[in-house]
Amino acid sequence: MVPESYYLVLSGIMFAVGVVGVVSRRNALIILMSIEIMLNAVNLAFVAAGSYLGDPAGNVFAFMVMTVAAAEAAVGLAIVIAIFRHRETVDVSELKELKF
Amino acid sequence: MLRILWLVPALPLLGVIINGILALFFERPLLLRKYYEDLEKGVHEEDSHGHGAEDHPLFHHWYRQLVSITGPSVVGAAFFVALVCVLILVKRPPHERVFQLDLFTWIQSGEFRTAFSLYLDPLSSVMILVVTGVGFLIHVYSVGYMAHEKGYARYFVYLNLFTFAMLVLVLASNYLLLFVGWEAVGLCSYLLIGYWYEKKSASDAGKKAFIVNRVGDFGFALGMFLLFWTVGSLNFSEVFPKALEMWEAGTLTPAVATAITLLLFVGATGKSAQIPLYVWLPDAMEGPTPVSALIHAATMVTAGVYMVARSNVLYLMSPTTLTVVAVIGGATALFAATIGVAQNDMKRVLAYSTVSQLGYMFLACGVGAFTAGIFHLMTHAFFKALLFLGSGSVMHALAGELDIRKMGGLKKYMPVTFWTFFLATLAISGIPGFSGFFSKDEILWRAFSSPFGGKVFWLLGTVAAFVTAFYMFRMVFLAFFGETRLSPELKEHVHESPKVMTVPLMILAVLSVVGGFVGIPPILGGSNRFEHFLEPVFEKGAELVPAAPHHFSHSLELGLMVLAVLVAAAGIYLAYHFYMKKPELPGKVAEKYPVLYDVVANKYYVDEIYHAIVVYPVYRFSVFLWEVFDVLVVDGIVNGVGRVLLGTGQAVRRLQTGVVHTYAVSLLIGAVILVGYLIFG
Amino acid sequence: MDLQSILLSLKAIVPEMILTATGCLVLLYDLLIPEENRGVHAGISAVGVITALFSVLWFGSERIEAFSGMLAQDTFGSFFTVVVLVSLLLTLMLSRSYNDWEGIQKGEFYALLLFSSVGMLVMAKATDMMTIFLGLELLSIPIYVLVGFDRKRLSSVEGALKYFLLGAFATGFLLYGMALLYAATGATSLSGIAAFAGKENVFGNTLFLAGTALLFVGFGFKVSLVPFHMWTPDAYQGAPTPVTAFMSAGPKAAAFAAVIRVLVVAFPESHPFLLKGLWVVAALTMTVGNVSALVQDDVKRMLAYSSIAHAGYVLVGLVSGDRLGGQAAMYYLFVYSLMNIGAFAIVMLLSEGEERGYAIENFRGVGFRYPVLGALMTVFLVSLGGIPPTAGFVGKFYLFSAAVKKGLILLTVIGVLNSAASVYYYLRVVVYMYMLPERAEEVRPRPVGVGVALALFIATVGVIALGIFPKGLLSFAESSILSIFLS
């Protein structure tokens, strides 16, 4: 059987990939996708830990995260569309009206 | 019976409410109406002080009469109640002269309890009598002085509010409530300094007072927290006995006592305008003159002295702090007095004079002579309030002119103002028999003889007394004596002030003359009843005072007293010599008519040398101090701190770029640091 | 779980149920009424909120472990329920007029406010990481929408997008922290984590420590602590002003409730270590917030920065790490809600619409032309600056004396220094109101409706009365904090 730490390391790598995506990409949609990757890393960690502990709570938590992530994505896309209507772009680095 | 004490602060508060309603519902609509009428007529409000369109119905509305009655009378009633309370207190034996009136618990958690409660003991008795008594006279005076102002009710709201706050300050039974009053008087003071908010200098001055007092309040708050941490209470009735206990047990170390008292003293330097935080006071003269008299001379600025005297037990535990207090006080006394020499604006002379006199009070506290400090506080309240009100009367008569070089000969135009002003000047100069003489002499003697004192402090005080006599008489001679230098149209205008203004002047003049009689020292055959009255307050602290190293003889005390009088007389003579007898001397007359004066060349020669080596350098030095130290250094530091803060703010806001990535990176960095700290830290 | 315990559990979430039902009702009713009558939703919502408040008074003192230990109703939860509901009530009063002025009068607005508040209540009562997470998300998602509610205005949508992206990003950290904590301890409940930390040596346990750190990153974001604060000014400035006022009060209080509960229940052992980290964060937060606020000319943005600084003050109470500190923090959160919403209300009245901004210039001469507005604003600002005799002073005094008692002298010095500096920018507004002549083109405040007047009245009375008679609220806070310390 694959040791638990392998899963955790994998989830750590996925999380890092997500974080780098958020920090380096300028397209709001890709940032959203990167956040999804981070959340999936979280799910992986929960499920792996849950199954090694023999505890269903980890799986339940993962389901919660998935549900909430869906709701969050819906709201996020709506906001991105609202931005697009104003600026015809989804490049977040061009949104600098509020600053200092 | 003493339970009526709550009325003392409550009455001015009632005045705030009544006048507030009048200001809001009667004065404001009228002002707005006038404003729009003026707008329609195209009139600009160029005349912000007095003498506007006085025929406007605004100035004849009945609400003004009502304000004229309620404003002063609430304070008068408070004075009456205070007097009754103090008389009841005095009837008690000396050691039972403490009364605490618990109104309600304010903050409570566990063993720590702070109440809204009033604390009447001899020290606060003196303070409430001064605040309500002098305050009442100034309120009455204001009725006449402010009669031509548009914001009449508003003014009395502020003034009543100030009186209320000041009474809370002096009647507080704990440091926290004292701090409440402390901040509240500050706020009222800014409101009143900026009363003529249309004037930019006025609002600037309000701001300056505000910023400088931040520094002081910061010190005060920290001192309070430290005291709370060490002693575990902030109530006067608990703090001092407990501090003494801890002192004897050794749990309260001198270092901690020094830290607490120094921090509290930082607060006092802010509020009482001592070096280096005095800069706001001269600028505060932008406010109406009765305000200067009440807040910036008689009451608020003495709050620092009151606080130090109240904390005498703590201060006596730390000789270091006492020395600091005495040095700052003495230095301020001399320093501010020398600046006073170079000022030509009447109110500014008085402002520096106030700073200097407050320095005396701190000098007294610093040498452990708290009674003398409070005594001087009281007499100073009389004569300085009188001087300010007198200058206000002059200002009133001269349509706002305050430059003493443009006055002269006012004696014959305004006799009451002159005579009262003159008596106050004699008092502040320390002429025997006048109130200032007794209190100042007490301070000088204690500075010389106290175990915490020293000859240096005495010297500082004596030199300052000389300078004080000089600049005060310079002002009197220039303003009231000699030929008038008034412009013709002003000459037409000049008049004695109305009764409502001169009667308070006369009452204050009487007080300035006889106010010292309560504290005649034994050496002059008196029994210093003032000191005995206050003794119970300072008794506990007195146990901490080491025995005097020497015993001084009576003849020495008497000798020093005579010396001080001679010094004052010398100052007066010098002023007389230069501004009365030879008013032309500092001027250029001598150069213009050399032949005429050739005959008396020899005499002249002496005078010239004297002028060159004594007067001129002192004058130059004074101007130098004012320009360099005051304007550049102290203002510079105040502005500098502000600029550094604002600069940092500008720098920090640049980080807020508006780009999401910056924010995300900031979050990421924070996360990495936090994780790293928890794992490896 | 038998019927009995389900019923008991439901009793623990009565206010949540009332708010949810009210929200649904508003949404449904919105379909039935014509557009111009939509202001009535504010009234309906307010009735719901007041009912919920009464239900708290009715059931709130009883301690209930609900839903198998996922939620707990205790005095602590009730305290924050009251804070959130009062903030919500004031916000509703402001929103009605504001939405009319800005032309965004919609039923969803009120429903979203109500749903978001449900999330806050859940968060305040949560005793399990799962419910904390759910509460947090239920709180955040409606707020993202509310920030961007004025979708015709770019700044509103921009603020929403920034808040959303960073919020989701921070949620990722929070969740990952929870996952790591779960992996390390095998528990999702706070007491389970505490039990693990009591048995094992957690200081060598990398998973546990990293999880803890990431959890606090997520919380730090929500209560806007430096360096997780960067979203705050932009989101606050972009959001419709009543939403801004609400964000600075309700969500912040709820998130702090979760932080306090986590600190007290889950990490009692590793406290000192964690507190040292929070010490630095508190000092940074106060300083950065205040220093940035010093140079703002837009009052709304200035108050946004100041709210960062205030989070720092509250954190000082938590760093003290004892009962007194917690009590002080709770008291402060309550009065902060009142004074901040009050200040935002006045700012809102003096604006000429969101598009024109909230320049400090608008305040010139207001003190004389509109004395009541000026006086109220002064009261709020004086309280924010911590000047007696207002509630803000009592709160700060409490916070700092708790810190002093714990020997945190340096932190107190930093805090008091910050507080002294902050008075500069608060009173700068007062200076504009009272000491500067009016602008040539006069700013006429918007007409003050009944709702706004009532909100201002409640806020003012609260700020002054709680400053002079703080005892009741303080003892409420004390019994609240005791209820989790002793459980």
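The chains referred to below are lettered A, B, ... by the order of the sequence lines, with proteins before strands, and numbering in each begins at 1.
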Visitor: Sort out for me which of B:L655, B:V652, B:T657 touches chain A most, counting heavy-atom pairs under 4.5 Å.
Guide: B:T657
Visitor: Test side-chain contact (heavy atoms from CB on, under 4.5 Å) on B:L668 and A:V19; report intermediate values, then the result.
Guide: CA-CA 8 Å; B:L668 183 62; A:V19 168; 3.5 Å; yes
Visitor: How about A:M33: does its CE atom have over 12 heavy atoms from other parts shown lying under 6.0 Å from it?
Guide: no
Visitor: Measuring heavy-atom distances to chain B, does A:V23 have an atom under 4.5 Å in its side chain, in its backbone, in both, or in neither?
Guide: both
Visitor: Given a strict heavy-atom distance threshold of 4.5 Å, which part of A:R25 is in contact with chain B: side chain, backbone, both, or neither?
Guide: backbone
Visitor: Quick check: closest heavy atoms across B:A664 and A:V22, and the distance to 0.1 Å?
Guide: CB-CG1, 4.4 Å
Visitor: Minimum heavy-atom separation for B:H661 to A:V92, with atom names?
Guide: CE1-CG2, 3.7 Å
